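Report on the structure given below.
A, B, ... follow the sequence lines: proteins, then strands. Residue 1 opens every chain. In this text, all values refer to a predicted model and were calculated from it rather than measured experimentally.
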Amino acid sequence: MKTYEKIYNLVKKIPKGQVSTYGQIGQLLNINPRVVGWALNRLAKYQSKSNGIPWQRVINSKGGISTNRLMNIPLGLQKKLLEREGIRFNKDEKTDLSKYLWGKKQKI
DNA sequence: ATGTTGACGCATG
DNA sequence: CCATGCGCCAACA
């Protein structure tokens, strides 16, 4: 099984309303976070069609969006998709990872 | 086989 | 806050 397949399988498990990070995915699979980014980038490159993989739920360790500088992906798309799932962004365009990170318990 | 490419993360200035 | 630098490594060409 290819590494990127493992990554896709894991990303599929991120629950709606929560997010993960490149680092967290990498840690769980014992691979470098860079490879996680590479694998997700591959989706946009080689699979123009929708694929059922919730790629938008993977963000960077700062709680921010990393796709905005890419030509492949429309500006602001990832944020829009996440907001649609209930993720809120502060004025610095960051999410509260202590709240939304996959595996953390929700505060009341 | 060899060089290049990143949706990273962390440390440092 | 911004800018580099570097370790990292699968897949691609």
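Screening A:Asn68, A:Ile73, A:Ile59, A:Leu70 for a side-chain contact (heavy atoms from CB on, under 4.5 Å) with A:Gln78, the sole residue that qualifies is A:Ile59.
When only modelled atom types and interatomic distance are considered, A:Gln56 and A:Glu85 share a side-chain donor-acceptor pair under 3.5 Å.
Between A:Gln27 atom CD and C:dC8 atom C1' the separation is 15 Å, expressed in whole Å. Atom CD1 in A:Ile25 sits about 18 Å away from atom P in C:dC9, given to the nearest Å. Following rounding to the nearest Å, A:Tyr4 (OH) and C:dA10 (C1') show an atom-to-atom distance of 10 Å. In this structure, A:Lys94 atom NZ and C:dC1 atom C1' are separated by 10 Å, rounded to whole Å. Counting to the nearest Å, the C1' atom of C:dA10 and the NZ atom of A:Lys6 are 11 Å from each other. In this structure, the NZ atom of A:Lys2 is 17 Å from the P atom of C:dC9, given to the nearest Å.
Figure legend: A:Arg42 and A:Tyr4 shown as a cation-pi pair, the cationic atom lying under 6.0 angstrom from the six-membered ring centre and within 45 degrees of its axis. A:Lys94 forms no cation-pi arrangement with A:Phe89, by the criterion of a distance under 6.0 Å to the ring centre and an angle within 45° of the ring axis.
Across all their heavy atoms, A:Tyr100 and A:Gly86 have their closest contact at OH-O, 3.9 Å. Shortest non-hydrogen contact noted between A:Thr21 and A:Val58 is C-CG1, 3.9 Å.
Ion pairing of A:Arg88 with A:Glu83 is absent here, as no side-chain N (NZ or NE/NH1/NH2) approaches a carboxylate O to less than 4.0 Å.
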### Message
For a quick check, with a 4.0 angstrom heavy-atom cut-off, what is the B/S/- contact string for nucleotides 3-13 of chain B, read 5' to 3'?
### Response
---BBBSS---
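A:Pro54 has its side chain within reach of A:Val11: a pair of non-hydrogen atoms, C-beta onward, lies under 4.5 Å apart.
Among the duplex regions that DNA chain B forms, those built from at least three successive Watson-Crick or G-U pairs under 3.5 Å are B:2-6 with C:9-13, B:8-13 with C:2-7, ordered by first number.
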